[in-house]
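Working notes, beginning with the structure itself.
Note that the structure is predicted; figures quoted are calculated from it, not measured.
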Amino acid sequence: MERVNHTLLTEFVLTGVPRPPRLRTFLFVYFLLIYILTQLGNMLILITVCADTQLHARPMYVFLGARSVIDMGISTIIVPRLMMNFTPGIKPIPFGGCVAQLYFYHFLGSTVCYLYTTMAYDRYLAICQPLHYPVLMSANLSILLVAGAWVAGSIHGAIQAILTFRLPYCGPNQVDYFFCDIPAVLKLACADTTVDELVTFVDIGVVVASCFSLILLSYIYIIRAILRIRTADGRRRAFSTCGAHVTMVTVYYVPCAFIYLRPDSHSILDGAAALFPTAITPFLNPLIYTLWNQEVKTALRKMVGRQSTKSEV
């Protein structure tokens, strides 16, 4: 009888973000605009990097283009489903859809961690070893590093999905969250989840801690190298090349650590924190990289200028 009950659970119901009923329409429009602007902004960054011959031949912008693809992916697997919670009626998500959402979120999320680490290493080489930089970090090597980040991320996502959904789920099926994530889904398992929670904590902890430690180590050497620069203008330009990366690492890692690296990660604040890596950060990335990076702004002006010239002709 127990086995039959396990097979009956074919869908989950996501409760969404807690909100007053009168804000339903406002929040739907708000997240719709966030989603559209996220896709357009990251697509613009990607097109700019691909169209400018000087940018797509440089490792830093290969990483930036890969980051834009990930941002569009994370936003697509989370935000449209979140918006459905602001429409009338119950919108269940199929069991397979929940598995896919959890897998792709952790696949892309861990890929971001690896990518931020390679970007920090790239900045370390550019500032601390500028004469050897073209040899140590070529465009081909940057592509291999991006591919390695994607492969490692896919393995991490698969591990998390398998660990979570190997357990029996026999009801209730109401996920107290706005997407299928590990802490919220494990609460519904009809079995002891102690081992799974421990393995998840250790696995995610190792990824986050190791990546963040390498980033921190890179920036210790970077700051030491910048402080040795004699001119104020040289120090300002060196810091400006790292500003966007440091900002986005902070915005991404702090919420993730709050959600996953606490002994009891079932707080109502988890949902608010999770909006940052799933909706807010993908939206902010194009703005921050465009505002901080003079080369991206110059390439954008050139691309817009070429389009204006073609339209006039």
Side-chain angles (χ1 to χ4, degrees), residues 12-50 64-94 96-113 115-116 150 153 157 175-181 184-185 244 247-256 259 269-292 296 300:
F12 292 98
V13 176
L14 304 175
T15 60
V17 178
R19 81 284 179 187
R22 64 179 179 275
L23 292 180
R24 178 184 294 171
T25 302
F26 169 77
L27 290 173
F28 179 86
V29 174
Y30 173 77
F31 282 105
L32 176 61
L33 289 175
I34 287 288
Y35 178 70
I36 292 173
L37 292 175
T38 297
Q39 300 302 309
L40 290 177
N42 283 287
M43 182 62 71
L44 182 61
I45 293 291
L46 190 60
I47 292 174
T48 302
V49 171
C50 293
L64 182 56
R67 182 70 177 95
S68 293
V69 173
I70 294 172
D71 283 339
M72 289 189 288
I74 289 179
S75 179
T76 297
I77 64 175
I78 301 297
V79 178
R81 187 72 217 184
L82 170 62
M83 290 164 51
M84 291 178 64
N85 291 323
F86 303 126
T87 59
I90 298 175
K91 306 294 190 304
I93 180 172
C98 191
V99 175
Q101 191 180 54
L102 187 146
Y103 164 73
F104 280 107
Y105 173 67
H106 283 274
F107 162 31
L108 296 175
S110 58
T111 303
V112 169
C113 292
L115 195 59
Y116 277 150
W150 283 86
V175 179
D176 190 20
Y177 216 49
F178 64 92
F179 72 101
C180 291
D181 199 13
V185 173
T247 302
M248 295 320 303
V249 165
T250 303
V251 173
Y252 185 79
Y253 271 94
V254 171
C256 289
I259 297 168
L269 295 176
D270 289 353
L275 286 174
F276 277 87
T278 56
I280 306 301
T281 302
F283 166 70
L284 291 177
N285 272 338
L287 297 176
I288 292 176
Y289 278 110
T290 302
L291 292 174
W292 279 80
V296 173
L300 278 170

query: What is the distance from atom OG1 of Thr111 to atom CZ of Phe104, rounded to the nearest 0.5 Å?
result: 11.0 Å

- prompt: Roughly how far, to the nearest 0.5 Å, is CG of Leu275 from CD1 of Ile78?
  reply: 10.0 Å

query: Sub-3.5 Å donor-acceptor pair from the side chain of Thr87 to the main-chain atoms of Met83, do we have one?
result: no

Ala184 versus Val175, closest heavy-atom pair with distance: CB-CG1, 3.7 Å

- prompt: Taking all non-hydrogen atoms of both residues, which atom of Ala279 and which atom of Phe31 are closest, and how far apart?
  reply: CB-CE2, 4.4 Å

- request: Check the pair His106, Asp181 against side chain to side chain contact (heavy atoms under 4.5 Å, CB included), reporting the backbone distance first and the verdict last.
  value: CA-CA 9 Å; His106 283 274; Asp181 199 13; 2.8 Å; yes

query: What's the shortest heavy-atom distance between Val249 and Tyr116, and which atoms?
result: CG2-CG, 3.9 Å

task: Answer yes or no: is there a side-chain heavy-atom contact under 4.5 Å between Tyr252 and Ile280?
output: no

message: Could you check whether any side-chain heavy atom of Tyr177 comes within less than 4.5 Å of a side-chain heavy atom of Leu14, counting everything from C-beta outward?
response: no

task: Go through the steps for Phe107 and Trp150 under the test side chain to side chain contact (heavy atoms under 4.5 Å, CB included), then give the verdict.
output: CA-CA 8 Å; Phe107 162 31; Trp150 283 86; 3.3 Å; yes

Return all side-chain donor-acceptor pairs below 3.5 angstrom for residues 43-50, not counting sequence neighbours, or 'none' if the list is empty.
unit_1 : atom_1 : unit_2 : atom_2 : d
Thr48  : OG1    : Leu44  : O      : 2.7

Got a list of side-chain donor-acceptor pairs under 3.5 Å for residues 33-42, not counting sequence neighbours?
unit_1 : atom_1 : unit_2 : atom_2 : d
Tyr35  : OH     : Thr76  : OG1    : 3.2
Thr38  : OG1    : Ile34  : O      : 2.6
Gln39  : NE2    : Met72  : O      : 3.3
Asn42  : ND2    : Thr38  : O      : 2.8
Asn42  : ND2    : Pro282 : O      : 3.0

query: About how many Å separate CD1 of Ile70 and OG of Ser110, when rounded to the nearest 0.5 Å?
result: 9.0 Å

- line: Correct closest heavy-atom pair for Ser75 and Pro80 would be O-CD, 3.3 Å

- prompt: So, Gln101 side chain and Ile77 main chain: donor-acceptor pair closer than 3.5 Å or not?
  reply: yes

query: About how many Å separate CD1 of Ile74 and CZ of Phe179, when rounded to the nearest 0.5 Å?
result: 9.5 Å

message: Measuring from atom CZ of Arg67 to atom CE of Met248, what distance do you get when rounded to the nearest 0.5 angstrom?
response: 6.5 Å

Which atom of Phe276 lies closest to which atom of Pro255, heavy atoms considered: CB-CG, 3.7 Å

query: Going from OG1 on Thr15 to CG on Asn85, what distance comes out if it is rounded to the nearest 0.5 angstrom?
result: 7.5 Å

- request: Ignoring hydrogens and angles, tell me if any N or O in the side chain of Tyr105 forms a donor-acceptor pair with the backbone of Thr278 under 3.5 Å.
  value: no

- prompt: Any side-chain heavy atom of Ile93 within less than 4.5 Å of one from Met84?
  reply: no

task: Provide the closest heavy-atom pair for Val185 versus Cys98 in the form atom of the first, atom of the second, distance.
output: CG2-SG, 4.3 Å

